[in-house]
Amino acid sequence: MQGVFFRATARDVAASMGIRGWVRNTDNGDVEIMASGEDALLEQLTAWCRKGPPNAVVREVLVTKMPDSPLPAFTIRRG
């Protein structure tokens, strides 16, 4: 669903928690997030993603744990 400010709100939520990484829309209209931070904070971000901002319709959240890698401050990526 477009127009609910999911990426901008996800960036703000993640940044407020000190999580580093990025968020972007995929070609098929999904939202993809790569995040790095403390496990408890990443769990909180995942919980937020399951709900999203007001008016968001979240159908599914898939989480893939990967080796931690240095990421920049949380940003919105284009494409």
Side-chain angles (χ1 to χ4, degrees):
M1 176 179 216
Q2 300 294 319
V4 297
F5 300 100
F6 198 104
R7 290 176 302 152
T9 309
R11 177 200 55 210
D12 294 347
V13 168
S16 75
M17 289 190 260
I19 293 174
R20 304 176 74 73
W22 49 262
V23 58
R24 70 177 176 184
N25 286 344
T26 63
D27 290 339
N28 66 359
D30 292 341
V31 175
E32 181 179 29
I33 295 175
M34 174 72 73
S36 178
E38 295 179 24
D39 287 344
L41 296 175
L42 294 172
E43 288 176 19
Q44 289 178 29
L45 178 62
T46 301
W48 178 87
C49 288
R50 294 185 194 289
K51 182 179 174 185
N55 300 316
V57 177
V58 179
R59 293 185 189 97
E60 183 177 37
V61 174
L62 302 174
V63 176
T64 303
K65 189 156 179 103
M66 301 176 73
D68 198 22
S69 62
L71 294 169
F74 209 91
T75 60
I76 296 174
R77 284 194 174 175
R78 306 281 185 243

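Just so you know, these numbers come straight off a predicted model, no measurement behind them.
- Residues S36 and S69 approach most closely at OG-O, 3.7 Å, considering heavy atoms.
- How far CZ of R50 is from CG of L45: 10.5 Å, rounded to the nearest 0.5 Å.
- Proximity of F5 to N55: side-chain heavy atoms (C-beta onward) are nowhere separated by under 4.5 Å.
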When you look at Q44 and M17, which way does the side-chain contact (heavy atoms from CB on, under 4.5 Å) test go after all the steps? CA-CA 9 Å; Q44 289 178 29; M17 289 190 260; 3.7 Å; yes
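- With rounding to the nearest 0.5 Å, the separation of CD1 in I76 from CH2 in W22 is 12.5 Å.
- Summarising the geometry, atom SG belonging to C49 is positioned 3.5 Å from atom CD1 belonging to I33; distances are rounded to the nearest 0.5 Å.
- A 6.0 Å sphere centred on CD of E32 holds more than 12 heavy atoms belonging to other residues, nucleotides or ligands.
- A salt bridge is defined here as a Lys NZ or Arg NE, NH1 or NH2 lying under 4.0 Å from an Asp or Glu carboxylate O, and D12 with R7 fails to meet this definition.
- Under the 4.5 Å side-chain criterion, counting only non-hydrogen atoms from C-beta, N25 is not in contact with D30.
- The cluster map of Ile, Leu, Val, Met, Phe, Trp and Tyr, joined by side-chain heavy atoms under 4.5 Å apart, puts M66 and L71 in the same cluster.
- Put simply, CG on L62 and OG1 on T46 are 11.0 Å apart, with the number rounded to the nearest 0.5 Å.
- Heavy atoms only, all atoms of each residue included: V58 and G52 are closest at CG2-N, 4.3 Å.
- With hydrophobic clusters built from ILVMFWY side chains whose heavy atoms lie under 4.5 angstrom apart, L41 shares a cluster with V23.
- Annotation for A56 and F6: closest pair CB-CD1, 4.2 Å, computed over non-hydrogen atoms.
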Let me see the working for K65 and D39 under side-chain contact (heavy atoms from CB on, under 4.5 Å), right down to the final yes or no. CA-CA 10 Å; K65 189 156 179 103; D39 287 344; 3.3 Å; yes
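- At least one donor-acceptor pair closer than 3.5 Å links the side chain of S16 to the backbone N or O of V13.
- Taking 4.5 Å as the limit, every side-chain heavy atom of T26 sits out of range of all side-chain heavy atoms of V31.
- Counting only heavy atoms from C-beta outward, the side chains of V4 and P54 never approach each other to under 4.5 Å.
- Shortest non-hydrogen contact noted between F74 and R20 is CD1-C, 3.7 Å.
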